[in-house]
Protein chains: 4
Amino acid sequence: MVKQTEGVDKRSQILATALKLFNSQGFHGTSTASIAKAAGVATGTLFHHFPSKEALLEILFLSVKQEFANALGAMAVPEGELKQQARTLWLGAIDWGMENPDKQQFFQQFSLSVEIPLPLREEAMQGILGFIGAMILEGQKRGVIAALPLPLLLENCHGQYLSASRFFLDRPALARDETHREASFQLFWNALRP
Amino acid sequence: MVKQTEGVDKRSQILATALKLFNSQGFHGTSTASIAKAAGVATGTLFHHFPSKEALLEILFLSVKQEFANALGAMAVPEGELKQQARTLWLGAIDWGMENPDKQQFFQQFSLSVEIPLPLREEAMQGILGFIGAMILEGQKRGVIAALPLPLLLENCHGQYLSASRFFLDRPALARDETHREASFQLFWNALRP
Amino acid sequence: MVKQTEGVDKRSQILATALKLFNSQGFHGTSTASIAKAAGVATGTLFHHFPSKEALLEILFLSVKQEFANALGAMAVPEGELKQQARTLWLGAIDWGMENPDKQQFFQQFSLSVEIPLPLREEAMQGILGFIGAMILEGQKRGVIAALPLPLLLENCHGQYLSASRFFLDRPALARDETHREASFQLFWNALRP
Amino acid sequence: MVKQTEGVDKRSQILATALKLFNSQGFHGTSTASIAKAAGVATGTLFHHFPSKEALLEILFLSVKQEFANALGAMAVPEGELKQQARTLWLGAIDWGMENPDKQQFFQQFSLSVEIPLPLREEAMQGILGFIGAMILEGQKRGVIAALPLPLLLENCHGQYLSASRFFLDRPALARDETHREASFQLFWNALRP
DNA sequence: AATGAATGAGTATTCATTCAT
DNA sequence: AATGAATGAATACTCATTCAT
């Protein structure tokens with residue numbers, strides 16, 4: 001009933017197009033005109049849906065982050081041994097990245113970038129790392145995670161996740177290789193051991 | 001005999017100024033005119049020394065990278081227990097970042113950024129991670145480092161270093177705190193354990 | 001209903017203004033900003049209609065050339081003595097130049113200039129000299145034009161036309177003087193006699 | 001005794017280099033820096049010998065013009081039938097152009113160009129066309145040249161010479177072909193016949 | 001909501017020219 | 001005379017944003 005590409009409302013078209021173009025050309029390397037053109041809308045239309053180019057980026061960032069957070073939430077298992085929970089989450093996060101390479105790459109590029117205003121970045125981090133923070137605290141209580149300062153642990157988790165997903169993003173074939181998948185989790189989990 | 005700021009040749013002035021401005025305003029947020037002005041030279045002078053704004057960034061990147069590599073090289077101890085060597089390097093790298101916050105921040109911003117052409121980025125990584133690569137191989141031979149794929153280990157080290165130095169850059173006081181210093185190293189070293 | 005100068009669409013305004021300014025100040029002596037200002041549009045508007053200053057010149061060149069070719073085509077008489085046909089064309093061409101001094105001067109300046117890419121220049125020449133070429137061939141068949149190599153004849157016609165129109169452009173009063181008009185044609189036609 | 005390229009004083013080097021570069025890239029397309037570099041001198045040196053880029057062009061123009069005038073003067077024969085004198089001059093001028101293609105091309109490009117200030121251009125024309133003017137007057141007295149207005153005749157001669165030399169410059173092989181050489185003269189001389 | 005022509009401030013870069021050495 | 005680093009005004013072109021339709 002609804003045409004595949006046209007029916008999707010223009011707002012979504014613009015968001016999807018911006019995601020791709022920001023990835024391949026960077027934020028400053030992508031003009032609003034080129035986004036509009038690639039999305040098949042007029043230049044003015046972009047500004048009907050988003051007050052500014054910056055706002056477009058922020059909204060895009062928030063929506064990708066939300067999607068990622070939802071995906072993580074859906075795969076979390078509340079019970080069982082902590083290491084198994086962590087492995088589920090870790091591998092699930094890696095897999096999500098491989099299934100959504102555009103969004104994953106977008107994260108790589110913008111989750112630490114000055115293009116995203118600091119408050120937004122921090123808020124996003126907290127939202128996503130909230131899971132992890134809770135899990136770490138629980139792990140420390142159970143004595144399976146080292147009693148190191150939490151902020152340092154969170155920053156470390158973030159860094160390891162970024163580097164692992166960067167690694168697999170650059171070598172998609174290895175993301176299906178059990179050895180490498182397991183190795184990446186081992187590095188992550190080992191770091192946290194007491 | 002030579003004036004403190006004037007005597008330093010203009011090329012260096014421009015590099016030093018660009019470093020600061022790129023840090024605070026980003027690459028695209030900094031105009032060449034503003035660099036020249038802040039460096040106390042004419043706009044033409046910048047282009048007398050650097051063929052383009054991009055080239056200026058790349059040269060800056062290479063020079064900071066070289067300085068960092070030299071610093072690492074100077075602190076490496078060839079003999080002794082591997083863990084001690086690693087600790088020396090790790091804490092030394094953290095300290096170098098604290099002593100050169102501008103350069104450290106520059107690295108945070110550009111070592112993964114699309115602003116730096118990929119070949120240059122990779123070359124820089126290899127140059128700096130060369131030390132680490134050798135050390136990891138030695139550690140695997142001695143059985144004190146896990147027998148995981150080297151590229152994955154290197155990417156992981158890089159990620160952990162970036163996150164640790166980001167952590168301390170945001171909280172300079174903690175960089176002097178022995179607990180946090182040691183904790184950061186522990187996370188790094190633990191990750192690599194067999 | 002439509003204002004005299006405003007109503008004409010901005011693209012035409014820009015073309016007309018560029019014609020005058022290129023004539024009086026040369027291509028390199030005329031900045032795009034000055035064209036826009038004199039045309040009463042914003043700087044960006046010029047580049048909205050023309051991709052570059054060079055393109056503006058080329059489009060202008062082609063449009064003037066087309067207008068001239070059309071004018072020549074309209075005055076050609078298919079039948080009759082060849083010399084009379086030639087006189088009609090020659091004087092018509094001179095008159096067109098006097099009635100469109102700006103366009104005529106533009107031709108003087110650019111029809112041989114390196115500013116216009118060679119292929120464009122040649123194409124324009126062929127378009128305009130097509131008439132003449134056919135007429136020369138016919139004249140040679142009838143034995144009223146010397147059997148000299150055609151390319152040389154064409155180049156010669158071009159040269160004589162440029163010099164004659166240059167002469168009259170510099171002395172507009174003489175362009176109405178029957179003696180001079182006839183003299184200019186005599187020089188042209190005599191050259192071609194067997 | 002004197003080195004081929006170095007010994008020639010730098011002033012001449014600059015002139016010779018400018019001639020070539022102006023020809024191939026145009027006046028505005030050639031930077032003083034590029035002239036200096038190609039001439040093997042420092043940028044400052046150019047301005048020691050010539051007060052400005054414009055002055056360099058004018059001096060170059062005058063020197064080429066002088067050389068051409070001298071060449072014409074050397075080949076003029078004071079006595080004999082006028083047509084033979086004219087043929088000698090015409091073919092001599094064509095030959096000079098073929099032997100000095102750079103200078104010939106320079107003339108094509110600048111003898112009518114706005115780059116050369118009008119007074120200078122006119123003066124140069126008069127210098128060179130002086131010969132021709134005298135010859136035309138003599139021809140009219142003898143009744144072998146049409147009694148048309150002199151300025152028109154001069155402009156016409158100029159135009160025919162430019163087109164003929166342009167023709168041969170583009171087809172150097174034909175400049176040795178007797179048919180084409182003779183044809184070019186025939187066009188020129190025929191035009192002037194009563 | 002959608003359009004796309006129009007805007008004009010902003011930017012990288014060029015280049016003739018100067019001048020201390 | 002010769003050098004070449006330094007200058008800074010000038011310029012083509014970009015692009016986020018607006019607004020009349």
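In the text below, chain A, chain B and the rest are named by the order of the sequence lines, each starting its count at 1.
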Where at least one partner belongs to residues 28-50 of chain C, residue pairs that pass ring pair (Phe, Tyr, Trp, His ring centres under 6.0 Å), sequence neighbours excluded: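 Residue pairs with at least one partner in residues 28-50 of chain C: C:His28-D:His28.
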
>> Any residue in residues 16-38 of chain C with a heavy atom nearer than 4.0 angstrom to DNA chain F? Just list them by number, or reply none.
In response: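 When residues 16-38 of chain C is checked for heavy atoms under 4.0 Å from DNA chain F, the hits, listed by number, are C:Thr30, C:Ser31, C:Thr32.
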
**DNA chain F-proximal residues of residues 49-61 of chain A, any heavy atom under 4.0 Å** =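 Correct list: A:Ser52, A:Lys53.
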
Handout entry: Note, A:Leu112 side chain near B:Leu112 side chain (heavy atom, < 4.5 Å)
Key =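 No, every pair of side-chain atoms sits at 4.5 Å or beyond.
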
* To do: Check whether any side-chain heavy atom of C:Ser111 lies under 4.5 Å from a side-chain heavy atom of C:Met125, and answer yes or no.
  =>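 A side-chain contact exists here, since the closest heavy-atom pair is under 4.5 Å.
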
Do you know the tightest heavy-atom contact between [X] and [Y]?
| X | Y | result |
| --- | --- | --- |
| D:Asp9 | D:Ser12 | OD1-OG, 2.8 Å |
| C:Ser34 | C:Leu21 | O-CD1, 3.9 Å |
| C:Ala42 | C:Ala36 | O-CB, 3.8 Å |

Between the main-chain N or O of B:Leu162 and the side-chain N or O of B:Gln108, is there a donor-acceptor pair closer than 3.5 Å?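 Present.
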
For DNA chain E, the dot-bracket notation using Watson-Crick and G-U wobble pairs below 3.5 Å, [ ] for pseudoknot-type crossings and | for other-strand pairs, is .||||||||||||||||||||

Mind checking what makes ring pair (Phe, Tyr, Trp, His ring centres under 6.0 Å) contact with C:Phe61, not counting sequence neighbours?
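For C:Phe61, the residues satisfying ring pair (Phe, Tyr, Trp, His ring centres under 6.0 Å) (neighbours in sequence not counted) are C:Phe107.
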
Can you tell me how far [atom2] of [Y] sits from [atom1] of [X], rounded to the nearest 0.5 angstrom?
| X | Y | atom1 | atom2 | result |
| --- | --- | --- | --- | --- |
| A:Ile59 | A:Arg11 | CD1 | CZ | 5.5 Å |
| C:Leu57 | C:Phe106 | CG | CZ | 5.0 Å |
| A:Thr17 | A:Ile35 | OG1 | CD1 | 8.0 Å |

Can you confirm if the NZ or CZ of D:Lys53 lies within 45° of the ring axis of D:Phe27 and under 6.0 Å from the centre of its six-membered ring?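 Yes, D:Lys53 and D:Phe27 form such a contact.
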
message: How many whole angstroms separate atom CG of C:Leu46 from atom C1' of F:dC15?
response: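 The answer, rounded to whole Å, is 16 Å.
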
Please list, in 5' to 3' order, the outermost nucleotides of DNA chain E lying under 4.0 Å from any heavy atom of chain B.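 Answer, 5' to 3': E:dA12 to E:dT14.
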
